[in-house]
Amino acid sequence: MSTDIGTPEGPYSVWRRVAASGAGGKVLAVLFFLGAAISLVGLADMADVGMAGSAIALVAAAVQAGLLCVVARLSLPAGAVTRDEIIWMVLWGAFGATGLAGVLNGLGPGAVIAPFAEELIKLAAVIAVLVIGVRTPLRGLALGFTAGAGFEVFENLQYAISPDDGGLGVAQELTTIASRMLVGFGFHAFTVAVTGAVAGYVLCRFNTLLRYEFAVAVLGAVVIHAVWDLAPSLESIGYVLMVIDYVLLVALFVVTVRRVRRA
C-alpha cells in the first residue's frame with residue numbers, strides 16, 4: 001500500500017505537522033493522546049481473560065490485520081501514502097479513534113450514536129493529513145482504509161477480551177472473535193476508504209469540504225453504519241438487511257477503488 005521506506009522523520013513527524021497546521025490540528029493532536037490513553041487503559045481487561053485468553057485475542061487481531069493488509073495490497077496501488085502516514089493512521093484508528101468513540105458511544109444508545117461518532121472521528125485524521133499534504137482521491141482512499149482498518153482490529157480485540165454476555169471462557173471468547181471477524185469483515189475500513197476518497201476529491205478539485213459530494217458521502221456512510229447497528233433488533237428481517245447493507249458497502253468500495261485507480 002505504501003511505501004516510502006526511506007522516510008527519515010517517522011510517524012511523529014506527521015503528528016507534529018498536524019499539530020502545527022492550526023487550532024484544529026492542535027485539538028486533534030490532543031484528542032489523539034486522550035483517546036489513546038482511554039483505549040490502552042481498556043486493555044487492562046486482558047488480565048481478566050488470563051494468558052490463554054489474551055494470546056487467543058492477540059493472535060485473532062494479528063490474523064485480521066493480515067487479512068486487511070492483503071485487501072489493501074490488492075486494491076490500493078503502492079506509493080499512495082508514505083510508511084509514516086500509514087503508521088500514524090493506524091495509530092489514530094486503533095487508539096485515538098476507538099477511545100474517543102467509546103466515550104461518545106457511552107453517552108446514549110450506542111446503536112444511535114456510534115454511526116455518527118465513529119464515522120466522523122475516523123475521518124477526522126484522514127482530512128487532517130490530506131490538508132497538510134497532497135490532496136488526491138487516491139491518498140484519501142488509502143488513508144481512510146488504513147485508519148478504518150486500525151479501528152476495526154483494535155475494536156475487535158476489545159470485544160474479544162470483553163465478551164458481550166460477560167462470559168470469560170475460551171469458548172465464549174472464540175465465539176465473539178469469530179462473529180466479529182467474519183460478520184462485516186472490513187466494514188470500518190471500507191466506510192472510511194470511501195469517505196476519504198471523496199474528501200480527497202473535493203479538496204483536490206475545489207479546495208474545500210463544503211461540497212454536496214462530501215456531505216452525501218459522509219451521510220451515506222452514517223446511514224450504512226446505522227442500518228448495520230440497528231438491524232439485529234429487527235430479528236429475522238434485520239439479518240436480511242445486514243446482508244444487503246454489507247453487500248452495498250462492498251460494492252461502493254469496489255466502485256470507488258476502480259474509479260480512483262482509473263483517475
For the hydrophobic clusters of this structure (ILVMFWY residues joined by side-chain heavy atoms under 4.5 Å, transitively), does one cluster hold both [X] and [Y]?
X      : Y      : result
Leu58  : Phe151 : no
Leu248 : Trp228 : yes
Val223 : Val192 : no
Ile38  : Leu107 : yes
Leu104 : Leu120 : yes

Report the relative orientation of the aromatic rings in Phe145 and Phe190; use parallel for angles under 30°, tilted for 30 to 60°, perpendicular for over 60°.
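Answer is tilted, since the angle falls between 30° and 60°.
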Return the set of residues passing side-chain contact (heavy atoms from CB on, under 4.5 Å) with Ala147 (not counting sequence neighbours), or none when no residue passes.
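Partners of Ala147 under the side-chain contact (heavy atoms from CB on, under 4.5 Å) test: Met89, Val126.
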Any non-hydrogen side-chain atom of [X] less than 4.5 Å from a side-chain atom of [Y]?
X      : Y      : result
Met181 : Val63  : yes
Leu249 : Asp245 : no
Leu241 : Leu234 : yes
Ile113 : Glu118 : no

Test of ring centre spacing under 6.0 Å for Phe187 and His225:
yes
Can you list the other members of the hydrophobic cluster that holds Val243, where links are side-chain heavy atoms under 4.5 angstrom apart?
Val247
Crowded around [X] [atom1]? As in, over 12 foreign heavy atoms under 6.0 Å?
X      : atom1 : answer
Ile237 : CD1   : no
Phe33  : CZ    : yes
Phe185 : CZ    : yes
Arg258 : CZ    : no

side-chain contact (heavy atoms from CB on, under 4.5 Å) assessment of Thr191 paired with Glu119:
CA-CA 8 Å; Thr191 57; Glu119 294 307 324; 3.0 Å; yes
Would you give the length of the straight line joining atom [atom1] of [X] to atom [atom2] of [Y], rounded to the nearest 0.5 angstrom?
X      : Y      : atom1 : atom2 : result
Thr195 : Leu141 : OG1   : CG    : 10.0 Å
Met242 : Leu230 : CE    : CG    : 10.5 Å
Trp92  : Phe95  : CH2   : CZ    : 13.0 Å
Leu67  : Gln64  : CG    : CD    : 7.5 Å
Leu130 : Thr136 : CG    : OG1   : 7.5 Å
Ile127 : Lys122 : CD1   : NZ    : 13.0 Å

What closest approach, in Å, do [X] and [Y] show between heavy atoms, and which atom pair accounts for it?
X      : Y      : answer
Ala29  : Ala19  : CB-CB, 3.9 Å
Ala149 : Leu68  : CB-CD1, 3.8 Å
Phe253 : Val194 : CA-CG2, 3.9 Å

Side chains of Gln158 and Thr98 only: does a donor on one sit below 3.5 Å from an acceptor on the other?
no
Residues 24-38 vs salt bridge (Lys or Arg N to Asp or Glu O under 4.0 Å), sequence neighbours excluded, gives none
Tell me which one of Val129, Ile86, Leu76 satisfies side chain to side chain contact (heavy atoms under 4.5 Å, CB included) with Val81.
Ile86
